[in-house]
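Quick notes on the structure that follows.
Every number for a ligand or one of its atoms is a count from 1 in the order of the listing.
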Amino acid sequence: MITRYDSQLLQRAVAELSKLPGVGEKSALRLALHLLRQPENTAISLGQAIIDMRQNVIYCKRCHNISSSEICGICSDSSRDSERICVVETVRDVMAIESTGVYRGIYHVLGGLISPADGIGPQDIEIESLVQRVPRENIKEVILALNPTIEGDTTAFYISKRVKSPGLVITALARGMSVSAEIEYTDELTLGRSIEGRTLFEQ
Ligand SMILES: [Zn+2]
């Protein structure tokens with residue numbers, strides 16, 4: 001049920017805020033009224049931060065991670081192992097794996113998973129660029145760090161077929177720990193162990 005507001009402006013702000021994940025109409029109204037009570041600058045700087053982020057955010061040209069420059073800090077860090085590439089679905093997975101502190105290789109962010117039910121095919125995510133990176137960057141190991149869902153498994157299987165070549169090792173995160181857990185919700189210790197304990201990917 002949509003509440004009618006006396007102010008069209010308030011109604012519009014609530015409608016926009018309630019489009020955010022996890023924000024229902026009640027929370028959206030609370031946030032809107034909170035912003036109205038704050039000094040004008042608070043709301044303006046929030047709005048400007050969102051506009052600036054949306055218009056100016058850069059994705060790394062190599063790994064598609066969110067970056068402040070064309071090539072991200074991880075890709076340009078020469079102390080990292082650039083022959084090991086960890087394939088993840090989202091930028092949040094990069095953050096989760098980085099927070100474990102155990103992985104010193106580089107990444108490739110797919111930006112989604114293959115999902116025929118949702119009409120998402122291999123060409124809709126960053127798979128082709130990964131297939132090109134592996135030989136070009138002389139990658140020795142591809143680590144498939146995808147969530148244990150049908151979409152994750154489908155994507156892992158497809159990628160393994162596409163990148164397969166003599167001398168390339170393809171591994172996947174150890175799953176003994178918590179089969180249903182998504183990477184971003186797995187605690188650092190468990191995630192770290194599943195990276196260290198990764199196993200050969202079975203095709
Ligand atoms: Zn990068």
**OP:** Calculate, to the nearest 0.5 Å, the distance between atoms CG and OH belonging to Leu110 and Tyr107 respectively.
**Re:** 13.5 Å
Original post:
Which pairs count as salt bridge (charged side-chain N to carboxylate O under 4.0 Å, His left out) when at least one residue sits in residues 139-159, sequence neighbours excluded?
Top reply: Glu83-Lys140, Arg84-Glu141, Glu141-Arg198, Asp153-Arg175
**OP:** Everything protein-side that's N, O or S and under 2.8 Å from the Zn ion (ligand 1): list it, residue and atom.
**Re:** Cys60 SG, Cys63 SG, Cys72 SG, Cys75 SG
Original post:
For the atom pair SG (Cys72) and NE2 (His64), what is the distance rounded to the nearest 0.5 Å?
Top reply: 10.5 Å
Show me, pair by pair, the donor-acceptor contacts under 3.5 angstrom made by side chains of residues 26-55, not counting sequence neighbours?
from	atom 1	to	atom 2	distance (Å)
Thr42	OG1	Pro39	O	3.3
Gln48	NE2	Asp52	OD1	3.2

Subject >> Stepwise side-chain hydrogen bond (donor to acceptor under 3.5 Å, both in side chains) check, Ser79 with Arg104 >> reply: CA-CA 8 Å; Ser79 75; Arg104 294 299 299 162; 3.1 Å; yes
**OP:** Output the rest of the hydrophobic cluster of Leu200: all Ile, Leu, Val, Met, Phe, Trp and Tyr residues reachable through side-chain heavy-atom contacts under 4.5 Å, sorted by chain and number.
**Re:** Val169
